[in-house]
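Computed from a prediction, not measured in an experiment: that's the story for all the values here.
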Amino acid sequence: MTEAPIMQLTTRAAAVLSTGLVLAAVVGGWRPAAAQAVRSDDVLPALLVEVKGLRAAMEQMAGSSARAQVLIGRLQLQEGRIAGMIRRLDTVRDELAGAKRQYEQLAGSVKFLSDKSPSDPGGEPEGVLDGLKSQVTSARANVERLAAEEAQLTNDVAAEQARWIDINQRLDELE
């Protein structure tokens, strides 16, 4: 009979021991879960800050993208203006060259007729010389007008190119 109480004691000890182990496992498993909950509480504010930062970055990029599109549109308009002004400047320069040639021809004709003495048998009547002088005056006024227009267009092209450079620099800053 001594064997039975020892056996019972051993069984009881084993039951207590196994209950203790289960309890220790439950308590041990419960603690890391609590620790994980604390860690997730630390992570949530960090994630919230990160999401807010990403939102701000996306809003900034969207704003920059819109500004870039507006600046690109302005840049294209500016290029069109400059191209149109340069075409007009080329036309005025061509007209100016033609007006200068016409002025020089008329002025040469007046000089030639003026140098001829009125007593020459083939001399031109005075009315023709007066008509040529009037044409020379008109041609000189046309040359002066075209020269002034050329100067104005040259200044306008320079101003438009300065605006183009400014817009281009603003685009570079957005990059």
Side-chain angles (χ1 to χ4, degrees), residues 32-118 123-175:
Q36 286 175 1
V38 170
R39 278 190 232 129
S40 70
D41 288 343
D42 291 342
V43 171
L44 286 176
L47 285 175
L48 185 60
V49 168
E50 185 69 22
V51 167
K52 286 180 180 178
L54 287 172
R55 179 183 292 155
M58 289 174 63
E59 288 172 356
Q60 183 181 8
M61 286 178 59
S64 294
S65 176
R67 283 192 304 273
Q69 288 176 350
V70 168
L71 286 174
I72 288 170
R74 285 184 182 172
L75 189 66
Q76 290 171 340
L77 281 173
Q78 206 60 28
E79 287 173 352
R81 283 183 191 154
I82 291 170
M85 287 181 164
I86 288 173
R87 281 191 302 273
R88 177 68 186 139
L89 182 59
D90 288 342
T91 301
V92 167
R93 284 179 176 161
D94 291 343
E95 290 175 7
L96 180 59
K100 283 180 179 179
R101 280 192 303 274
Q102 182 183 14
Y103 170 75
E104 289 168 0
Q105 288 173 351
L106 289 170
S109 297
V110 167
K111 185 173 180 348
F112 177 74
L113 290 176
S114 296
D115 288 345
K116 255 181 159 185
S117 71
E124 296 293 325
E126 194 65 30
V128 172
L129 186 59
D130 288 341
L132 281 175
K133 285 181 180 178
S134 172
Q135 287 180 359
V136 166
T137 303
S138 177
R140 182 181 318 125
N142 191 33
V143 166
E144 289 171 357
R145 179 188 62 80
L146 288 170
E149 189 176 351
E150 177 192 26
Q152 182 63 45
L153 280 170
T154 300
N155 290 336
D156 290 348
V157 166
E160 293 298 323
Q161 286 175 333
R163 285 187 193 124
W164 183 87
I165 289 169
D166 179 53
I167 293 169
N168 210 8
Q169 287 174 342
R170 289 169 54 190
L171 267 174
D172 287 343
E173 291 170 3
L174 284 177
E175 282 187 83

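- With respect to Arg163 and Glu160, a salt bridge is recorded, a charged nitrogen being found less than 4.0 Å from a carboxylate O.
- Considering every non-hydrogen atom in both Lys100 and Val143, the closest pair reads N-CG2, 3.7 Å.
- Considering CG of Asn168 and CD of Glu79, their distance stands at 8.0 Å, rounded to 0.5 Å.
- Looking at every heavy atom in both residues, Ile167 comes nearest to Arg74 through CD1-CB, 3.9 Å.
- In plain terms, the two heavy atoms of Leu106 and Gln135 that are nearest each other are CD2-OE1, 3.3 Å.
- What you find for Ala68 and Leu171 is that their closest heavy atoms are O-CD2, 3.8 Å.
- The OG1 atom of Thr91 sits 11.0 Å away from atom CG of Leu146, with the distance rounded to the nearest 0.5 Å.
- What you find for Ala107 and Val136 is that their closest heavy atoms are N-CG2, 3.7 Å.
- Met85 is not listed as a side-chain neighbour of Arg88, based on a closest heavy-atom distance of 4.5 Å or more.
- Residues meeting the side chain to side chain contact (heavy atoms under 4.5 Å, CB included) test with Glu150, sequence neighbours left out: Leu89, Val92, Arg93, Leu96, Thr154.
- To the nearest 0.5 Å, atoms CG (Leu71) and CG (Asp172) are separated by 10.5 Å.
- Under 4.0 Å is where a charged nitrogen must lie from a carboxylate oxygen, and between Glu149 and Arg145 at least one such pair does.
- How far CD1 of Ile82 is from CZ of Arg87: 11.5 Å, rounded to the nearest 0.5 Å.
- Thr137 places a side-chain N or O within donor-acceptor distance of the main-chain N or O of Lys133, the cut-off being under 3.5 Å.
- Under the 3.5 Å distance criterion, the side-chain polar atoms of Ser138 are left unmatched by any main-chain donor or acceptor of Ser134.
- Once rounded to the nearest 0.5 Å, the distance linking CD of Glu173 with CZ of Arg67 reads 10.5 Å.
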